[in-house]
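To start, the structure itself, in structure tokens.
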Amino acid sequence: MSEFEDIPGTYLFDKDRCHDGYQFNMFCMSLVKPKNRQAFRSDEASYMDKWPLTESQRRSVLERDWLGMIKAGGNIYYTSKIAATDGRSFQFVAAAMSGVPEEEYRSMMMAGGRPVEGNRSKRETD
Amino acid sequence: MSEFEDIPGTYLFDKDRCHDGYQFNMFCMSLVKPKNRQAFRSDEASYMDKWPLTESQRRSVLERDWLGMIKAGGNIYYTSKIAATDGRSFQFVAAAMSGVPEEEYRSMMMAGGRPVEGNRSKRETD
Amino acid sequence: MARVVAGLATSHVPAIGAAMDLGKTKESYWKPLFDGYEPARKWLADLNPDVIIMVYNDHGSAFSLEVIPTFAIGVAEKFLPADEGWGPRPVPAVHGHPGLAWHLAESLILNEFDMTIVNEMTVDHGLTVPLSIACGEQKNWPCPVIPLSVNVVQYPPPTGKRCFDLGRAIRKSVKTYDKDLKVVVFGTGGMSHQLHGERAGLINSEFDKNFLADLTRNPQRLIELPHIEYVREAGAEGIEMVMWLVMRGALDENAVEIYQHYHVPASNTATGLMILENQPLTV
Amino acid sequence: MARVVAGLATSHVPAIGAAMDLGKTKESYWKPLFDGYEPARKWLADLNPDVIIMVYNDHGSAFSLEVIPTFAIGVAEKFLPADEGWGPRPVPAVHGHPGLAWHLAESLILNEFDMTIVNEMTVDHGLTVPLSIACGEQKNWPCPVIPLSVNVVQYPPPTGKRCFDLGRAIRKSVKTYDKDLKVVVFGTGGMSHQLHGERAGLINSEFDKNFLADLTRNPQRLIELPHIEYVREAGAEGIEMVMWLVMRGALDENAVEIYQHYHVPASNTATGLMILENQPLTV
Ligand SMILES: [Fe+3]
Ligand SMILES: [Fe+3]
């Protein structure tokens, strides 16, 4: 798997992330039901108690640390259910993960997106 | 599929049976939960109302017509959940389907089972 | 006899569906993209297919991580749009084609594809956005749709070669269905994009344009592309493009390109659309 | 380096589990069957494997008709016995081996087997009865077990050839796992039986004995057996025997037969058990 780990800023959802993030992603998935979104909104911390989450998983959600969610085993298609519950777009989340204001991220996308040059290998970015 | 239909006394669980029997088998499957078995036992007809079953499916259950269940699209591994709810064994159901008393069926099995000779093709049994 | 007559590959970005659902398609951000869809919509309406086989991926909607099928085929009468957290898209229910779908399931399994058969599921933007792109706003979708979902969320997805071979097997299976049906195969997802991590927003137009260029006449190069190439060059979520190869495999070797459209960006994603048609049989 | 050292094929009749759970194994009906299991139990205890890969089928317990995977592999830490309508069997929870299971899932998919990956499921008599047969009554199962479920309930099951090839791919995949593990592959189900219809109770001992005779030295004949032959000759539910071919494929061509046992009846079914061992490498 090391060849994938050489890609900067990328967290391949592989067997280890699936294993570590299973319960976390199942919690995220639960938010596809309106009544669960409502329950989550009214008391996030106790709603999350229904799943055996790690401290870093809980913290990342409570703080809306979108990158932290990924690092804690979240998969973007599951954590996006939290964004949806917040009424946020994929673009909002992507900007947050890449660490720039949404307007700046949007301008980068309008200008053709993040270039692949310099972003292929950690050897380039180090 | 005609080659399978040539086998006597056999209802291959193929695409047509799955299509026609889907809701029926899903009803049967629900009986793997103790509280559903209890609800079914206390009022079979109204319990079954939760699924859009055909009349022949409903009737076969209410009458414990085990062969009728199969003909109506039931799969033996699903209809066996009804047998389990009744405290009946696979052997009880098999005897009923083959139309003989359980004791006679059991003796046939002890004597080596139903022979394949004469049971390979409808041409043999006609 | 049923036959695959054409293929359409397209991105399935959720924001494209949202732009239609919210009436934003004439806004300057969206207009160039949607203008490019007009010829495809006209083409599909003129072709008037009897069935669409939609090769797409589910994004944690019908399937969770509990059960992750590599290839799943929907054999139901009807599939409702999924609630992905924003509420279901306000688009029509999708009607399936149980007859052809079961025929495909059966013959694919007997031909050594280890399909998961699905009798009940919802369909998310991966399936409904391509329909919106190709059919426009509709009270009812113009024909039945067979959902064929490919896992590209959990690593590893099937290889490009396996996807192409699945397309080949679909082509063969359709031919043995005994009703006279015009079938169009959709391949969806991509093009280059990455939705997660510090590298989110990655776009590689050169990769995409080479992909579009080779899909029709040089698919062999794409069939051999390893997963790492997609992830590194086209972004982690760009791996979805393996699903375009199912569409390509379902068409004849000498299929011809009818239309192509490429636009950056839609939200985080480079979008592409391509139409291929089989050549009429020479008599 | 992990390696497949042996294989065990056995019927998985629910009544065999019930006979053990209800303490009936010394009764005259059951004694001849269970006497035949003693040598297998001793063999397995002596071999003391590190992991069992259990090729079995689910009978409408973990999977319903909603989602029907052809091949599903369980990657969880733990699998609880299913309630099949009679309440769960009073046997220990099954502990998985996520490390090897994920390695298998990954390499099988990359080798063009379209696996369904399962993170959470119960296991029914198809898995627990073979463990009871091979391990006897236990407070804890002697080693981790990887469930590998094959669809044989919904027609069509995978072909015998596909099952054998899956076994081959498992063998190869196990060899590339970087921990030193002794692996035993179980193939389960069969032998001849039919549970439904007026033909219920069908037994074909000649078919079964030929199957047992050819499994070790002439698997090619069995690989080529079409589904119709199983259904007609061995009963509709006798098709489960394709799972024995996964086990056979996972062993070397020159594997040797260590033990064989055949008994009629257990409830509606002809039961068989066979043990194969790979030859030690000659130095
Ligand atoms: Fe997608
Ligand atoms: Fe079985």
Side-chain angles (χ1 to χ4, degrees), chain A residues 1 3-4 6-15 17-18 21-22 25-26 28-29 31-34 37 66-67 70-71 74-87 89-91 93-100 105-106 108-117 119-121, chain C residues 13-15 18 29 57-66 68 82-88 122 124-126 152-157 192-208 226-229 231-239 264-270:
Chain A
M1 201 50 45
E3 55 176 2
F4 288 99
D6 175 51
I7 303 173
T10 300
Y11 305 82
L12 190 76
F13 196 71
D14 63 4
K15 55 190 177 190
R17 283 181 202 286
C18 184
Y22 177 68
N25 289 301
M26 292 303 279
C28 294
M29 173 93 179
L31 299 175
V32 301
K33 294 191 176 152
R37 291 197 287 273
W66 302 98
L67 187 58
I70 301 293
K71 289 182 175 174
N75 172 282
I76 181 62
Y77 294 118
Y78 291 90
T79 59
S80 71
K81 272 70 170 171
I82 299 172
T85 301
D86 291 349
S89 70
F90 269 105
Q91 194 165 76
V93 173
M97 281 189 287
S98 61
V100 297
Y105 180 88
R106 193 177 158 93
M108 175 184 81
M109 294 314 298
M110 292 294 287
R114 187 185 306 283
V116 71
E117 289 74 28
N119 282 308
R120 288 187 172 91
S121 164
Chain C
V13 187
Y29 183 90
N57 70 290
D58 181 79
H59 305 76
S61 305
F63 306 119
S64 68
L65 296 177
E66 191 175 334
I68 309 168
D83 184 341
E84 302 180 54
W86 290 272
T122 56
D124 73 9
H125 72 269
V152 294
V153 171
Q154 173 66 52
Y155 185 86
S192 62
H193 67 303
Q194 177 153 334
L195 299 178
H196 82 267
E198 296 92 336
R199 208 173 73 136
L202 187 104
I203 299 288
N204 185 342
S205 295
E206 193 184 341
F207 180 96
D208 292 340
H227 289 148
I228 179 79
E229 283 293 303
V231 177
R232 189 194 290 120
E233 297 294 325
E237 281 69 55
I239 189 82
V264 176
S267 181
N268 304 290
T269 308

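Proteins get letters first, then strands, A, B, ... in listed order; numbering begins at 1 in each. From a predicted model like this one, the values you see are computed outputs, not experimental measurements.
- Heavy atoms closer than 4.5 Å to chain C are found nowhere in R17(A), neither backbone nor side chain.
- Contact check for W66(A) versus H196(C): no side-chain heavy atoms found under the 4.5 Å cut-off.
- Chosen from T269(C), V13(C), I228(C), the residue pairing most often with chain A at heavy-atom distances under 4.5 Å is I228(C).
- M110(A) touches chain C through backbone and side chain together, each having a heavy atom under 4.5 Å away.
- Neither the backbone nor the side chain of S205(C) comes within contact range of chain A; no heavy atom of the residue lies under 4.5 Å from a heavy atom of that chain.
- One N or O on the side chain of K81(A) and one on the backbone of G60(C) form a donor-acceptor pair closer than 3.5 Å.
- In this structure, chain C has heavy atoms under 4.5 Å from both the backbone and the side chain of M109(A).
- When heavy atoms are compared at a cutoff of 4.5 Å, P14(C) approaches chain A solely by way of its side chain, counted from C-beta outward.
- With a threshold of 4.5 angstrom between heavy atoms, S192(C) does not approach chain A through any atom at all.
- Annotation: side chain of R37(A) is in contact with side chain of D83(C) (closest heavy-atom distance under 4.5 Å).
- Under the 4.5 Å side-chain criterion, counting only non-hydrogen atoms from C-beta, E198(C) is in contact with Y11(A).
- With rounding to the nearest 0.5 Å, the separation of OG in S80(A) from NE2 in H59(C) is 9.0 Å.
- By number of non-hydrogen pairs under 4.5 angstrom with chain A, the leading residue of H193(C), E237(C), E206(C) is E237(C).
- In this structure the side chain of F90(A) reaches within 4.5 angstrom of the side chain of L195(C), judged on heavy atoms.
- Judged by distance alone, with hydrogens and angles left aside, the side-chain atoms of R232(C) form no donor-acceptor pair with the main-chain N or O of I7(A) at under 3.5 Å.
- For the residue pair T10(A) and R199(C), the shortest heavy atom distance occurs at OG1-NE, 3.2 Å.
- Using a 4.5 Å cut-off between heavy atoms, Y29(C) touches chain A through its side chain atoms alone.
- L65(C) is listed as a side-chain neighbour of Y78(A), based on a closest heavy-atom distance under 4.5 Å.
- Judged by distance alone, with hydrogens and angles left aside, the side-chain atoms of E233(C) form no donor-acceptor pair with the main-chain N or O of R120(A) at under 3.5 Å.
- Taking all atoms of both residues into account, the shortest heavy-atom contact from V153(C) to Y77(A) is CG2-CD1, 3.7 Å.
- The two residues G197(C) and L67(A) make their nearest non-hydrogen contact at CA-CD1, 3.7 Å.
- Side chains of N268(C) and Y105(A): a donor on one and an acceptor on the other come within 3.5 Å.
- Side-chain atoms of Q154(C) come within 3.5 Å of backbone N or O of F13(A) as a donor-acceptor pair.
- Interface check for chain C: of the options I76(A), V100(A), V32(A), T79(A), the most heavy-atom pairs under 4.5 Å are formed by V32(A).
- By the 4.5 Å heavy-atom criterion applied to side chains, W86(C) and T85(A) are not counted as neighbours.
- Within the 4.5 angstrom heavy-atom criterion, only side-chain atoms of I70(A), from C-beta onward, approach chain C.
- In plain terms, the two heavy atoms of S98(A) and A200(C) that are nearest each other are CB-O, 4.4 Å.
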